[in-house]
Each structure stands twice: as structure tokens, then as C-alpha cells.
Amino acid sequence: MLPIAVHARAKVLVVGGPDDLAASLDGVQSVGGLEVAGAVLPGDGVSGVVDALSPDLAIMHCDSDGVEALQALKRMRGRHQCDVLMVVDRPRADVVLDAVRLGVFACLVAPVEPHALRVLLESWLYRWHLAESKAPREADVLPGPVTRAVGRKAVGTTLDLVAKVLRERHVPLSASEVGALCHLSAVATRRYLNQLVDQGEAVMTVEYGKTGRPRHLYRWTLLMPG
């Protein structure tokens, strides 16, 4: 399935009730290259478990209104940048939009078809290995204060893949152009690019044409003059 060498196994944390855990664990175990790092209930200190296990992907099942799972996700986002696959029982627009704003990898509606979950996990795993195989070596990191985030150990997340693509290009790129190189939608790519901007790793400029909407272009910070 994967056209690249696969050595490491990605760690997956499953968050949800007993029935949710069973279905998700079966899905994870059906995909080679994934291993279950842990399985917890939503109220069992999810952010602390994430800190302890450092998973590469978390599958999080929302409760009836999604509030508890979203609160856990917000706490996670403050400390750990693992990818998140959200499963929503009741696809309320506000719950889905909040999950998207917090940078989830994908959002599914329960009950999830086993085949659909497997396909999605295989797609995520491909990108994880792609990001991992292209992670920069420590010797390739340039010195200086601007490398405070560049020099972090690569964890193989989608954010790392977007950063890698942007770092290797010597011209400003739009979210659509970066997304095409990462096999991501422009909307999802823009979330990751804005996160890099917030972290000081990338800069965003606006290009105004004679007609049409202005273009938002992103460029890696290390490529800027000075």
C-alpha cells in the first residue's frame, strides 16, 4: 500500500466509551504500521495521558454534545501537537466547526463504517511516514534564534509535513499550492499554515492583483532577508 520504506510504527491513542473503544481499536489493529498506545474514557485526564504517551494520532469520540471532548482537545493543543481524528455522534455545526478550528485531521459521523475508518487511517499513515522520512537532520538546521521551533524533534504529524514542504520552497506559496504538494485540502492546509505563522516559523503576505480576490501567500521565515 505504501510506496515508501516503513520502519517505525505510529502510536494511536483512542478516547471514547466502551463501544467506541472496541470499534476504533479494531480499526487501528487492522492497519499495519499502527500500534495502540492507550485507550481512555473522555473524563480520564486525556491531556495528561497524551503528555505521558506522546501519541502520533488520537481518535477522539465526542459525547452527545461534544463539549467534554472539545475541552480535552483544547487542553491537548496547548501542549501536544499530535494529529486528531474526531468522531461525532451528533454532527452539530458548532461542534464540527470548533473541531476544525482546533486542527483535527478529519471529522467523521458515528457510527463509522469499518472500511471507511481503515481507508482514512491508511491515508493518515501514508502522510505520517512521508513526513517522518523527510524530517530534517539536526545537522541541516541553521543556527540562530529563528530556529527555536525549526530545531524541534520531528514527530511526523501533518503539521511537520506542511512545514517541510514550505521550508523546501524558495518562493511564496498559497494554501492551495501547499495543499496540492501535501495531498491536503486548501482549508486544512490553511489551518496548519496559520499555526506556523503564529509560531513564528512562517510569514504570510497578501498579493493584490488587478482583478479578483487578493492571494494570501506563505513563506518560510528562514528564507526572508536578514
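Nothing here was measured: the structure is a model prediction, and the numbers come from that model. We use all heavy atoms of the structure for the numbers below, so side chains are in, but hydrogens, waters and symmetry mates are not.
- Residues Leu125 and Gly33 come closest through the heavy atom pair CD1-O, 3.7 Å.
- The side-chain heavy atoms of Val171 and Leu217, taken from C-beta on, include no pair separated by under 4.5 Å.
- Of the possible polar contacts, one joining the Arg191 side chain to the Val104 backbone as a donor-acceptor pair under 3.5 Å is found.
- In terms of heavy atoms, Leu13 sits closest to Gly38 at CD1-O, 3.3 Å.
- Under the rule for a side-chain contact (heavy atoms from CB on, under 4.5 Å), the partners of Asn194 that lie at least two apart in sequence or sit in another chain are Arg190, Tyr218.
- In the hydrophobic clustering of ILVMFWY residues, with side-chain heavy atoms under 4.5 Å counting as a link, Val197 and Val165 come out together.
- Under a 3.5 Å cut-off, the side chain of Asp83 and the backbone N or O of Leu57 do not form any donor-acceptor pair.
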Point to revise | Criterion side-chain contact (heavy atoms from CB on, under 4.5 Å) on Leu85 and Val12, from CA distance to verdict | key: CA-CA 10 Å; Leu85 168 59; Val12 182; over 6 Å; no
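- Atom CG in Leu159 sits 9.0 Å away from atom CG in Leu193 (nearest 0.5 Å).
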Donor-acceptor contacts under 3.5 Å from residues 173-188 side chains, at least two apart:
from   : atom 1 : to     : atom 2 : distance (Å)
Ser174 : OG     : Glu177 : N      : 3.2
Ser174 : OG     : Glu177 : OE1    : 3.4
Glu177 : OE1    : Ser174 : N      : 2.8
Ser185 : OG     : Ala188 : N      : 3.1

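- The side-chain contact (heavy atoms from CB on, under 4.5 Å) search around Ala110 returns Val87, Asp89, not counting sequence neighbours.
- Annotation: side chain to side chain donor-acceptor pair (under 3.5 Å) contacts involving residues 21-38, sequence neighbours excluded, comprise Ser24-His61, Ser30-Arg118.
- Closest approach of Pro214 to Val206, counting heavy atoms only: CB-CG1, 3.6 Å.
- Listed by first and then second residue, the salt bridge (charged side-chain N to carboxylate O under 4.0 Å, His left out) pairs involving residues 105-114 amount to none (not counting sequence neighbours).
- Atom CG of Asp20 sits about 10.5 Å away from atom CG of Leu25, to the nearest 0.5 Å.
- Note that the NE2 atom of His216 and the OG1 atom of Thr205 stand 9.5 Å from one another [nearest 0.5 Å].
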Practice item. Begin with the C-alpha distance, continue with both residues' side-chain angles, and end with the deciding distance and a verdict on side-chain contact (heavy atoms from CB on, under 4.5 Å) for Ile59 and Leu121. Key: CA-CA 10 Å; Ile59 302 177; Leu121 289 174; 4.2 Å; yes
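- The minimum heavy-atom distance between Gly16 and Leu21, with the atom names listed, is O-CG, 3.4 Å.
- A heavy-atom distance below 4.5 Å is found between the side chains of Trp124 and Leu34.
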